[in-house]
There are 2 protein chains.
Amino acid sequence: MAEERLGGFEELVLLAVAGLAGDGYGVTIRDHLEEGTGNRVSVGAVYATLDRLQRKGLVKSRMGGTTAERGGKRKRLFRITGRGQAAMAEARTLRDYLWNAIQAPARS
Amino acid sequence: MAEERLGGFEELVLLAVAGLAGDGYGVTIRDHLEEGTGNRVSVGAVYATLDRLQRKGLVKSRMGGTTAERGGKRKRLFRITGRGQAAMAEARTLRDYLWNAIQAPARS
DNA sequence: TTGATTATATCTACATAATAGAATAAATTC
DNA sequence: GAATTTATTCTATTATGTAGATATAATCAA
């Protein structure tokens with residue numbers, strides 16, 4: 001274990017990609033994060049982070065087909081990789097450990 | 001809500017400070033994090049982060065008395081503030097939201 | 001078949017956070 | 001007061017995070 005160090009925003013984006021189950025792309029990922037945070041998230045920030053995650057092998061992307069919707073450039077769809085899932089789980093385990101130390105302090 | 005943006009490592013350090021219940025200082029905080037992560041954490045990284053957290057008002061520090069132990073400089077002891085606890089809780093809520101979206105995908 | 005419209009992705013430039021390791025400081029002990 | 005111990009602060013560099021402007025590719029209307 002103990003692989004890639006994961007930045008804070010990277011972790012959020014990774015979770016969002018996972019939550020969108022392979023069908024997420026820039027805009028929906030951004031929206032999902034905004035829903036969760038209640039804050040504005042710029043799409044540029046999301047893409048920069050997705051690129052970094054992809055370089056690290058934590059997500060993969062493929063171009064979506066040309067849908068018969070309303071126009072616009074083709075989507076770049078993201079899905080999480082096995083290593084991405086591992087990183088996600090590891091980050092969670094660490095945080096659980098730290099939270100647990102707060103709620104149940106070891107007695108001398 | 002929606003206060004300070006909290007960096008990833010900042011969040012971990014904040015949790016460690018909380019876990020050490022007001023008696024944590026550079027070295028013990030580092031140790032606590034290393035235990036959790038299994039990775040090496042440099043003490044310089046910890047202090048830099050503590051300073052940032054203090055500037056943001058999420059932790060406070062006081063100098064420890066001169067203990068009758070074995071020597072060495074006095075400790076700078078850290079405790080979490082109310083705002084720190086709020087930030088901590090907020091970060092957790094956000095992550096729970098994102099995790100929940102993974103485990104229980106909304107059906108159309 | 002061109003121009004307007006829409007949806008999306010990429011680029012650019014800058015700000016903030018993370019990091020390791022060296023240097024410094026303050027206490028104790030002999 | 002020199003050596004030892006424990007802890008903090010400094011320095012310099014790299015990695016992440018961020019917003020907004022710009023570019024691209026699709027559809028639709030005439």
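Numbered from 1 within each chain, the chains take letters A, B, ... in sequence-line order.
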Those residues that, when tested against Arg62(B), pass side-chain contact (heavy atoms from CB on, under 4.5 Å) (two or more places apart): Asp23(B), Leu77(B)

Could you tell me which residues satisfy side-chain contact (heavy atoms from CB on, under 4.5 Å) with Arg74(A), sequence neighbours excluded, listed by chain and number? Met63(A), Thr66(A)

Run the side-chain contact (heavy atoms from CB on, under 4.5 Å) test against Ala45(B) and tell me which residues pass, sequence neighbours left out. Phe9(B), Ser42(B)

Round to a whole Å and report the spacing from CD1 of Ile29(B) to P of dT6(D). 18 Å

Would you say Arg30(A) places a side-chain N or O within less than 4.0 Å of OP1 or OP2 belonging to dT8(C)? no

Do the side-chain N or O atoms of Lys75(A) get closer than 4.0 angstrom to the phosphate oxygens (OP1, OP2) of dT24(D)? no

Separation of Arg55(B) atom CZ from dA17(C) atom P, in whole Å? 8 Å

Rounded to whole Å, how long is the line connecting atom CE of Met63(A) with atom P of dA7(C)? 17 Å

Tell me if a side-chain donor or acceptor on Thr37(A) pairs with a main-chain N or O of Leu33(A) at a distance below 3.5 Å. yes

Within the structure, does a side-chain N or O atom of Lys56(B) lie under 4.0 Å from either OP1 or OP2 of dT16(C)? no

Would you indicate, yes or no, if dA25(D) has its OP1 or OP2 atom less than 4.0 angstrom from a side-chain nitrogen or oxygen of Arg74(A)? no

Between Leu53(B) (CG) and dA17(C) (C1'), how many Å, whole number? 11 Å

Between C1' on dT16(C) and CG on Leu58(B), what's the gap in Å once rounded to a whole number? 15 Å

Distance in angstrom units between Phe9(A) CZ and dA15(C) P, rounded: 19 Å

Side chain of Tyr25(A) only, please: which of dA27(C), dT8(C), dT16(D) is the nearest? dT8(C)

Tell me the interatomic distance from Glu34(A), atom CD, to dA19(D), atom C1', rounded to whole angstroms. 13 Å

Anything under 3.5 Å between a protein N or O and an N or O of nucleotides 20-22 of chain C, put it in a table, one pair a line.
from, atom 1, to, atom 2, distance (Å)
dA20(C), OP2, Ser42(B), N, 3.0
dA20(C), OP2, Ser42(B), OG, 3.1
dA20(C), N7, Ser42(B), OG, 3.3

Using the test salt bridge (Lys or Arg N to Asp or Glu O under 4.0 Å), find all partners of Asp31(B) that sit at least two apart in sequence or belong to another chain. none

Here the distance between atom P of dT16(C) and atom CD of Glu10(A), to the nearest Å, is 19 Å

Would you kindly compare Thr49(B) and Asp51(A) by the position of their nearest DNA chain C nucleotide and give the one closer to the 5′ end? Asp51(A)

With Asp51(B), which residues qualify under salt bridge (Lys or Arg N to Asp or Glu O under 4.0 Å), at least two apart? Arg76(B)

Nearest-nucleotide pick for Lys73(A), side chain only, options being dA18(C), dT8(C), dG17(D): dT8(C)

Should Arg95(A) and Glu11(A) count as an ion pair when the cut-off is N to O under 4.0 Å? yes

